[in-house]
Asks: 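There's a structure below that I have some questions on.
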Amino acid sequence: MNLQERVTGTFVERFGRAPEVVAKAPGRVNLLGAHSDYNEGLVLPAAIDRAAWVAAARNNSDVVRVWALDFAQEGTFALDEVAALRGVAVEPTWLRYPMGMAWAVQEAGELPFGMDVVLTSDVPVGAGVSSSAAVEMAFLLAWEQIAGFTLPNLTRAQLGQRAENEYLNVGSGMMDQFASVAGRANHLVLLDCRTLDHELVPLPEKTAVLLVDSGVRRQLVVVDYNSRPEQCREAVALLQPHLPGIQSLRDVSWADFENYSHHLPMVLRRRVRHAIGERERVLAGAAALRQGKVAAFGQLIKASQLSSRDNYEVSIPELDLLAAVAWRQPGCYGSRFGGGGFGGFMQVLVDLTAVDPVAQAMSAEFETAFGRTPRTFVCQIADGASVVSGNR
Ligand code: GLA
């Protein structure tokens with residue numbers, strides 16, 4: 001049974017009627033543009049063929065009642081209580097994402113309706129492939145259908161970011177949500193997080209993205225993650241007296257770095273170095289892909305991993321090892337960690353013919369070093385979120 005059938009069948013069983021809408025929103029990989037979105041930089045993510053699914057129907061009340069199939073757990077909240085619960089550690093944890101979206105939708109002046117929902121997902125959780133953005137965007141699409149409004153993809157992503165920043169206290173950018181709604185099969189999404197311009201860049205055929213799980217899930221990952229946007233804001237504040245025109249690290253050039261980085265503590269110099277380098281790598285990477293130069297693109301992915309390790313300091317030994325093993329394999333173009341880092345998956349851009357040998361080599365060396373076999377997934381680059389069945 002596929003996820004559409006499961007989510008629909010469970011809805012009928014549990015709520016005794018058919019859903020009005022079935023919507024799905026995928027997770028994403030981010031091959032270049034690490035920690036760039038919140039600095040108004042450039043990113044190059046893509047939607048994957050794993051998604052969060054919701055089946056929903058209005059229930060003529062103010063209450064959102066969600067059955068999370070994967071946890072066999074129900075969570076409910078009233079739409080008029082979400083504002084008061086902003087920043088509160090509500091249980092079950094997964095319920096905070098739909099609550100955050102309900103809050104953001106209300107803040108945007110739209111009216112989310114009370115609804116009964118079944119939620120399921122095959123996006124791995126806590127692994128750097130944006131399982132949370134997938135849930136947010138799937139709920140948003142369901143509300144749009146049921147309440148009768150339609151938002152542009154950029155607004156959808158901005159609402160998701162608002163939910164994360166202001167409801168869930170995660171200082172993330174908008175890359176994950178935008179990739180989830182605007183992704184296209186076999187394409188990466190080049191997004192300029194300042195101008196909000198975007199372009200689809202084709203990924204060469206006969207490639208796949210292999211995900212290899214470090215198995216590390218840091219408890220304090222949000223604290224670790226949030227420290228990076230904070231450090232970037234601190235660097236901007238320290239540079240502004242010398243560079244009055246800058247708003248974010250997006251505005252800092254290599255020449256500025258040469259002239260003024262001595263005003264920064266060493267740790268902030270490294271963060272700025274990463275931000276400038278990553279912007280260049282995304283531009284060069286998109287150009288390489290437009291010319292079908294996948295090997296050149298792969299080298300940039302590798303350089304991004306090294307900068308993330310050395311300048312941004314968001315890698316860990318498990319990810320360093322996986323990256324190093326991947327780089328030695330024939331048929332591997334490039335490899336870097338996914339999402340915010342500190343654990344989660346290694347993303348490997350591989351030739352389709354090399355998926356199995358690369359996965360085997362990475363698993364074997366990881367097992368020797370860390371004593372456990374990593375999970376591996378192969379994903380295809382897929383279309384973004386959609387309403388799979390609905391009345392409108
Ligand atoms: C997480 C965040 C994104 C982005 C990445 C790092 O996935 O949710 O907004 O900052 O980390 O590139």
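Reckoned from all heavy atoms, side chains included, excluding hydrogens, waters and symmetry mates. Remember, it's 1-based here, ligands and their atoms both numbered in the order they're listed.
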Asks: What is the minimum heavy-atom distance between V216 and R372, and which atoms define it?
Replies: CG2-NH2, 3.8 Å
Asks: Backbone N or O of V236 within a donor-acceptor pair of the D251 side chain at under 3.5 Å?
Replies: no
Asks: With side-chain contact (heavy atoms from CB on, under 4.5 Å) as the test, pick out the partner of C379 among L210, V123, I48.
Replies: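 Exactly one pass, corresponding to I48.
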Asks: Could R290 and E199 be called an ion pair, given the rule that one side-chain N must be under 4.0 Å from one carboxylate O?
Replies: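 Judged by the 4.0 Å cut-off on N to carboxylate O distance, R290 and E199 do form a salt bridge.
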Asks: Tell me, do L151 and E110 make a side-chain contact under 4.5 Å, heavy atoms counted?
Replies: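 They are in contact (side-chain heavy atoms under 4.5 Å apart), so the answer is yes.
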Asks: Using a 4.0 Å cut-off on heavy atoms, what residues surround ligand 1? Order them by chain and number.
Replies: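 Lining ligand 1: R28, N30, G33, A34, H35, D37, Y38, S172, G173, M175, D176, Y225, G339, G340.
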Asks: Run through V252, V272, L243, I246 and flag the one making a side-chain contact (heavy atoms from CB on, under 4.5 Å) with Y260.
Replies: L243
